[in-house]
Amino acid sequence: MKFINKKLRSLLVFPAILLLTGSCADSFLDQPALGSLNEGVVSNEVGIDKLLISAYAALDGQQDADNALGGGGPWQAAPDNWVYGSVAGGVASKGSFGGDQPAIDQIVKFNSNPSNGYYNTKWKAVYEGVKRCNNVLRQLANDETISDSDRKDIAGQARFLRGHYYFELKKMWNMVPWIDENTEDPKQPNTEDIWPNIEDDFKFAYENLPETQSEFGRANKWAAAAYLGKSYLFQHKYTEAKDIFTTVISSGVNSGGTKYDLVPLFKDNFDAATENNAETVFDIQMVANDGTGTIANSNQGGKLNFPYGNSPFRCCGFYQPTQDLVNSYKTDEVTGLPNFDDYNTEPVKSDMGILSPEPFTPYTGPLDPRLDWTVGRRGLPYHDWGYHPGAEWIREQTYGGPYSPKKNIYYQATADQYSDQSSWAPGTAINVHVIRFADVLLMAAEAEAQAGSLDQAMAYVNRVRNRAANPEGFLKDYIDSSNPLAGFDESKDAANYNIAPYTLAQFSTKENALKAIYFERKLELAMEGHRFFDLVRWGIAEETLNAYFEYQGEITTDVRGGRFFSGIHEYYPIPQAQIDLSLDASGQPTLKQNPGYF
């Protein structure tokens with residue numbers, strides 16, 4: 001059973017309409033900082049909680065079935081950052097074909113400019129979340145009837161959410177204006193580093209939130225601690241990160257009161273029927289068929305990202321895993337370990353250029369089993385939908401490659417409950433993971449390795465690898481290929497799976513340990529929106545992405561001509577529309593553009 005808080009989700013449907021008078025303007029910069037609240041609605045604890053739920057509602061970046069909170073297509077502000085984190089990070093192709101959503105091609109190749117509308121949509125959607133958090137804190141300060149414990153909880157949740165929104169802004173654009181509940185002039189400069197403010201929000205949340213919440217979707221003390229640790233890690237404060245991650249790993253419990261742990265089966269994190277489990281640190285809660293007749297609460301930011309053509313999903317062929325990613329899952333036949341130094345040599349065989357009616361035999365070499373829970377490839381079971389047929393589910397192989405996404409795909413057996421067909425493309429009740437426990441373990445491993453604790457770093461990585469090696473989680477072949485729903489053959493793996501933990505030989509030096517940890521994050525968290533931001537904070541984006549462009553560009557046309565330049569492309573350009581809106585009384589822009597963009 002999926003633990004979805006019905007009350008919380010029902011209140012997320014139209015929070016802006018219920019709580020705010022007027023509609024969202026084009027920019028947070030052209031609105032008074034105090035907003036325009038209906039005081040009669042929010043003048044008590046119940047009303048303030050509705051404001052807080054409105055702040056949670058902005059997590060998905062969506063307003064209705066057709067638009068993001070920023071006013072563009074919902075995929076432009078998708079909360080999993082599939083464009084900005086995964087496609088720009090080289091683990092996924094944009095997919096579809098070149099003429100569809102061409103603005104993404106510019107982002108992926110790092111040749112876009114500040115006028116690209118995707119940036120403006122994302123900026124506005126995230127600052128909408130900031131505004132809603134500030135509304136909560138402002139109204140809370142004016143209410144003297146709320147108990148101290150409830151006041152701490154409400155403020156802690158609001159500041160946790162605001163920390164999340166500003167973390168998104170920071171990793172996207174680096175220098176952004178800080179606007180809080182006390183800001184009077186909304187036209188603030190972006191000349192000050194906001195990391196201290198983000199830290200303060202997460203510290204406050206950590207110190208004031210309860211260990212568990214009565215409603216699963218709400219942030220608790222340990223989610224704040226994990227996010228604080230992530231903030232330290234991004235700033236290379238490894239000692240502080242190590243200490244807080246140790247606390248989370250040893251003491252933390254999720255909002256359901258369950259101690260954090262890896263669930264036995266990797267796949268259970270990507271199935272709406274089994275999520276909100278011991279691995280859930282903080283998720284953006286999704287729900288299907290909520291009675292609104294839309295997919296506004298069903299991750300519409302990912303509505304493009306399903307197999308196309310003759311598939312049962314209707315739309316739209318985007319977000320295709322890359323050959324570079326697929327090759328990363330190869331393992332050594334003897335050691336069961338990846339070859340992270342030379343993984344693109346002897347690539348995993350694909351059906352590139354082979355029509356579906358033509359014969360094809362899948363790759364028979366040893367593989368990490370997480371590959372086939374992450375990537376849909378021809379000749380392998382695509383969840384319980386049957387074998388992936390290859391080209392007939394792909395919009396244009398020469399452009400985006402032969403593969404399909406899988407972590408976001410609902411199961412046929414439960415599609416009536418966990419998919420939503422209320423739009424021209426599907427919605428899904430599969431949550432968006434902001435932080436899950438495997439992520440915490442790998443961040444902790446990184447901090448331990450940077451601090452010189454290589455044994456502990458290896459132990460954390462091996463917890464993740466040992467879960468992946470659980471044979472019960474291997475993808476199994478269907479008993480009867482002509483009737484794939486008949487069941488699974490528990491005696492036969494669908495591919496040659498071979499995975500094993502690291503030994504001290506691979507963790508003998510800090511350099512080797514970090515290579516292994518970095519690669520493990522790629523394998524475990526692929527297609528979850530982390531990769532580009534990881535490469536940037538590790539300082540290896542230029543070498544990694546330019547090598548990716550060179551390799552992948554020989555296979556698919558989508559990334560040909562891509563080039564990453566250090567000192568510029570670590571951050572995206574400040575949207576030109578926001579700079580234009582920031583003019584002061586003298587006609588000069590308050591916002592300054594990031595270096596290298598014009």
Side-chain angles (χ1 to χ4, degrees), residues 82 86-95 108 266-267 270 305 307 317-333 336-354 360-383 387-391 393-409 468 474-475 493-499 518-532 535 544-545 547-559:
W82 67 270
S86 292
V87 179
V91 295
S93 165
K94 185 204 82 177
V108 171
F266 174 77
K267 69 183 182 70
F270 313 104
N305 302 338
F318 284 73
Y319 205 30
Q320 295 178 247
T322 60
Q323 186 67 48
D324 179 278
L325 175 64
V326 171
N327 294 344
S328 301
Y329 289 96
K330 294 187 304 178
T331 60
D332 184 88
E333 190 170 359
L337 296 174
N339 179 8
F340 42 77
D341 287 321
D342 197 21
Y343 61 90
N344 277 328
T345 300
E346 299 181 7
V348 173
K349 178 184 177 183
S350 79
D351 64 320
M352 191 75 168
I354 301 174
F360 173 75
T361 302
Y363 180 76
T364 58
L367 294 166
D368 184 322
R370 287 172 292 188
L371 167 63
D372 290 321
W373 294 115
T374 304
V375 178
R377 55 195 185 105
R378 180 171 173 183
L380 278 292
Y382 197 71
H383 292 328
Y387 290 98
H388 192 292
W393 279 15
I394 305 299
R395 201 156 187 173
E396 189 175 314
Q397 274 194 347
T398 56
Y399 176 77
Y403 303 111
S404 298
K406 206 166 182 183
K407 284 183 175 179
N408 62 308
I409 302 298
F474 284 14
L475 193 66
D493 294 337
N496 178 14
Y497 300 126
N498 181 36
I499 183 173
Y518 294 171
F519 207 74
E520 196 65 28
R521 284 187 66 82
K522 182 180 185 182
L523 301 174
E524 175 72 17
L525 302 171
M527 309 293 286
E528 295 182 49
H530 298 283
R531 182 64 174 170
F532 173 73
L535 293 175
T544 303
L545 290 174
Y548 161 73
F549 288 139
E550 183 177 354
Y551 174 77
Q552 188 71 27
E554 293 294 321
I555 302 169
T556 56
T557 61
D558 59 331
V559 295

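- For the 3.5 Å distance criterion, the side chains of N408 and Y319 fail to qualify, holding no donor opposite an acceptor.
- Residues T556 and M352 meet the side-chain proximity criterion, which asks for heavy atoms closer than 4.5 Å.
- Neither side chain, D332 nor N339, offers a donor N or O lying under 3.5 Å from an acceptor on the other.
- At a threshold of 4.5 Å between non-hydrogen side-chain atoms, the residues Y399 and K94 count as touching.
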**OP:** Go through the steps for N327 and Y551 under the test side chain to side chain contact (heavy atoms under 4.5 Å, CB included), then give the verdict.
**Re:** CA-CA 11 Å; N327 294 344; Y551 174 77; 2.8 Å; yes
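- In this structure, Y343 and F519 have tilted ring planes: the angle between them lies in the 30° to 60° band.
- With values rounded to the nearest 0.5 angstrom, T331 atom OG1 is found 4.5 Å from N498 atom CG.
- How far CG of D558 is from CD of E396: 9.5 Å, rounded to the nearest 0.5 Å.
- Contact check for P402 versus R378: no side-chain heavy atoms found under the 4.5 Å cut-off.
- In this structure, I499 and P369 have side chains that are in contact, with non-hydrogen atoms separated by less than 4.5 Å.
- Of the options S93, P347, S328, a side-chain contact (heavy atoms from CB on, under 4.5 Å) to Q323 is made by P347 and by none of the others.
- With a 4.5 Å cut-off on side-chain heavy atoms, L475 and Y497 count as touching.
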Original post:
Step by step, would you call F266 with W373 a ring-ring contact (aromatic ring centres under 6.0 Å, His included)?
Top reply: CA-CA 8 Å; F266 174 77; W373 294 115; 7.9 Å; no
**OP:** Give the intermediate values and the outcome of side chain to side chain contact (heavy atoms under 4.5 Å, CB included) for residues T544 and R531.
**Re:** CA-CA 11 Å; T544 303; R531 182 64 174 170; 4.0 Å; yes
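- The shortest distance between side-chain heavy atoms of D351 and Q397 falls below 4.5 Å.
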